[in-house]
Student: 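Below you'll find the structure I mean.
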There are 2 protein chains.
Amino acid sequence: MKRETTEIRQEQIKRAVLDIIFKDGLDQLSTRNLAKRVGITEGAIFRHFKSKRDIMLGIMQDVKSDLIGELRHIALGAEGSEKRLFTFLCRHVKYLLENKGITILLFSEAAHMNDKELKDNLHEILSEQKSLISKIIKDGMAEGLWNKKLDGDDIATIYMGIPITLNIELILNPDKFNINNFCKRMFILMQRMLSK
Amino acid sequence: MKRETTEIRQEQIKRAVLDIIFKDGLDQLSTRNLAKRVGITEGAIFRHFKSKRDIMLGIMQDVKSDLIGELRHIALGAEGSEKRLFTFLCRHVKYLLENKGITILLFSEAAHMNDKELKDNLHEILSEQKSLISKIIKDGMAEGLWNKKLDGDDIATIYMGIPITLNIELILNPDKFNINNFCKRMFILMQRMLSK
DNA sequence: AATGTGTAAGTAAGTGATTACATATAATGG
DNA sequence: CCATTATATGTAATCACTTACTTACACATT
């Protein structure tokens with residue numbers, strides 16, 4: 001009967017959620033399995049989170065503060081647009097690789113769309129990413145770097161597909177998919193799309 | 001007690017699956033709700049499919065024969081690569097718009113990855129799409145239309161993000177998202193990416 | 001002694017699937 | 001052509017099981 005503080009348990013539980021999702025699949029994400037993975041009983045889970053839904057909200061909150069926080073910092077930074085776009089993309093990819101269950105969790109929430117708060121959170125996360133990308137692109141156009149006639153939103157749409165596709169490949173093709181320099185390779189294609 | 005043939009019921013049931021997924025969300029997809037939507041009882045569902053899993057397999061089979069069949073026909077057709085790429089993309093988008101639950105269904109199967117047959121089906125669907133795209137791109141390069149130095153697989157990766165992103169936008173932004181000329185707009189960006 | 005963290009055993013509700021039985025439609029034989 | 005038998009499609013009730021969550025109680029730390 002090892003005891004830990006709620007703070008520690010909460011982190012362990014959120015970690016376990018992502019771990020289960022990526023390694024065992026979404027259907028294995030029950031409070032039973034979650035408890036087993038953390039090494040406590042099911043009841044203890046509810047000592048640290050008032051509901052399963054609350055765990056999900058907590059994870060989304062982490063994404064907002066960790067990932068979005070960093071991405072915002074990059075996008076609004078002082079570097080040139082080209083550098084910012086590259087750093088942004090690489091940071092984004094890195095985060096997804098370090099938190100492999102995140103994408104599935106987010107999109108499963110989109111698919112189970114009966115919870116307004118969860119859906120709003122996801123919407124906020126994605127639209128913020130998109131608008132940060134749009135910002136970088138607009139800056140790059142103003143700098144005279146990229147073609148001004150392009151629609152920034154369309155570019156952002158294409159951009160958003162990259163991390164999602166990455167995650168799907170990671171699930172379906174964990175061995176075969178070439179992850180080396182992934183962000184660099186994608187960046188080059190984005191650059192070509194944007195060029196004058 | 002209206003009676004219909006198994007063939008008709010099977011179609012109705014598969015339709016209802018996609019309808020429920022897109023309109024009510026994945027968590028509403030129970031055999032109970034399915035029966036209600038079709039207008040029969042739960043037991044009757046199992047008269048026409050031996051399991052819920054079999055319904056999913058049936059839908060995947062439809063995707064393979066309908067969508068993939070058409071895409072293959074386009075990709076391997078006699079038109080120029082540029083025309084084929086455009087037609088391919090537009091057909092792909094059109095299919096997803098007409099079968100709005102499909103993407104969610106497919107990727108939820110990827111997320112619940114404990115069923116090898118379902119996962120293999122999904123893998124087959126996606127990798128076939130990718131290789132058809134790669135084919136078109138390779139042809140275009142051989143025609144001297146596009147930059148030969150580009151990695152066809154990377155382009156295909158970017159391409160695959162387009163339909164997925166489309167579907168996510170449809171769920172999260174059903175009103176705001178601009179669907180007009182979507183395939184044309186995406187095609188233009190693809191073209192820029194491919195250009196010499 | 002008080003408080004925070006744990007456990008074991010429950011709950012009600014929902015799941016996919018099966019059962020025994022009913023009835024509509026088609027096929028058959030006189 | 002009609003009565004009878006099969007067959008295909010339907011229903012209502014129920015199955016065993018899983019789910020998220022709760023309760024009553026125990027024990028560790030301070």
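Just so it is clear, the structure is predicted and the values come from calculations on it, not from any experiment. Throughout, protein chains are lettered first and strands after them, A, B, ... in sequence-line order, and every chain is numbered starting at 1. Hydrogens, waters and symmetry mates play no part in the numbers below; they use all other heavy atoms, side chains included.
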Student: List the residues meeting salt bridge (charged side-chain N to carboxylate O under 4.0 Å, His left out) with Lys36(A), not counting sequence neighbours, and say none if there are none.
Tutor: none

Student: Can you list, in residue-number order, the parts of residues 42-56 of chain B that come under 4.0 Å of DNA chain C, counting heavy atoms only?
Tutor: Glu42(B), Gly43(B), Phe46(B), Ser51(B), Lys52(B)

Student: Counting side-chain heavy atoms from CB outward, which of dT5(C), dT9(D), dG6(C) is closest to Thr6(B)?
Tutor: dT9(D)

Student: Take the protein atom CD1 of Ile13(A) and the nucleotide atom P of dA20(D), then report the distance between them rounded to whole Å.
Tutor: 13 Å

Student: Output every pair passing salt bridge (charged side-chain N to carboxylate O under 4.0 Å, His left out) with a member in residues 134-149 of chain B, not counting sequence neighbours, ordered by first then second residue.
Tutor: Arg84(B)-Asp139(B), Lys135(B)-Asp139(B)

Student: Can you tell me the distance, in whole Å, between the CD atom of Gln12(B) and the P atom of dT9(D)?
Tutor: 12 Å

Student: How close or far is atom P of dT11(D) from atom CD of Glu4(B), stated in whole angstroms?
Tutor: 12 Å

Student: Expressed in angstrom and rounded to an integer, what is the separation of Ile40(A) atom CD1 from dA9(C) atom P?
Tutor: 18 Å

Student: Does any pair with a residue in residues 64-102 of chain B pass ring-ring contact (aromatic ring centres under 6.0 Å, His included), and if so which ones, sequence neighbours excluded?
Tutor: Phe86(B)-Phe187(B), Phe88(B)-Tyr159(B), His92(B)-Tyr159(B)

Student: Below 4.0 angstrom, which residues in residues 24-39 of chain A have at least one non-hydrogen atom near DNA chain D?
Tutor: Leu29(A), Ser30(A), Thr31(A), Arg32(A)

Student: Can you tell me how far P of dT19(D) sits from CD1 of Ile20(A), to the nearest Å?
Tutor: 11 Å

Student: Sequence neighbours left out, what passes side chain to side chain contact (heavy atoms under 4.5 Å, CB included) with Asp19(B)? Give chain and number order.
Tutor: Lys23(B), Arg37(B)

Student: Return each pair, listed once, that meets side-chain hydrogen bond (donor to acceptor under 3.5 Å, both in side chains) where at least one residue sits in residues 161-175 of chain A; pairs must be two or more places apart or across chains.
Tutor: Thr103(A)-Asn167(A), Glu169(A)-Asn173(A), Glu169(A)-Lys130(B), Asn173(A)-His123(B)

Student: Taking only N and O in the side chain of Arg3(B), is any of them less than 4.0 Å away from OP1 or OP2 of dA26(C)?
Tutor: no

Student: Partners of Phe22(B) by ring-ring contact (aromatic ring centres under 6.0 Å, His included), sequence neighbours excluded?
Tutor: none

Student: When rounded to the nearest 0.5 angstrom, what distance separates NZ in Lys184(B) from CD1 in Ile188(B)?
Tutor: 6.0 Å

Student: Listed by chain and number, what are the salt bridge (charged side-chain N to carboxylate O under 4.0 Å, His left out) partners of Arg53(A), not counting sequence neighbours?
Tutor: Asp115(A), Glu117(A)

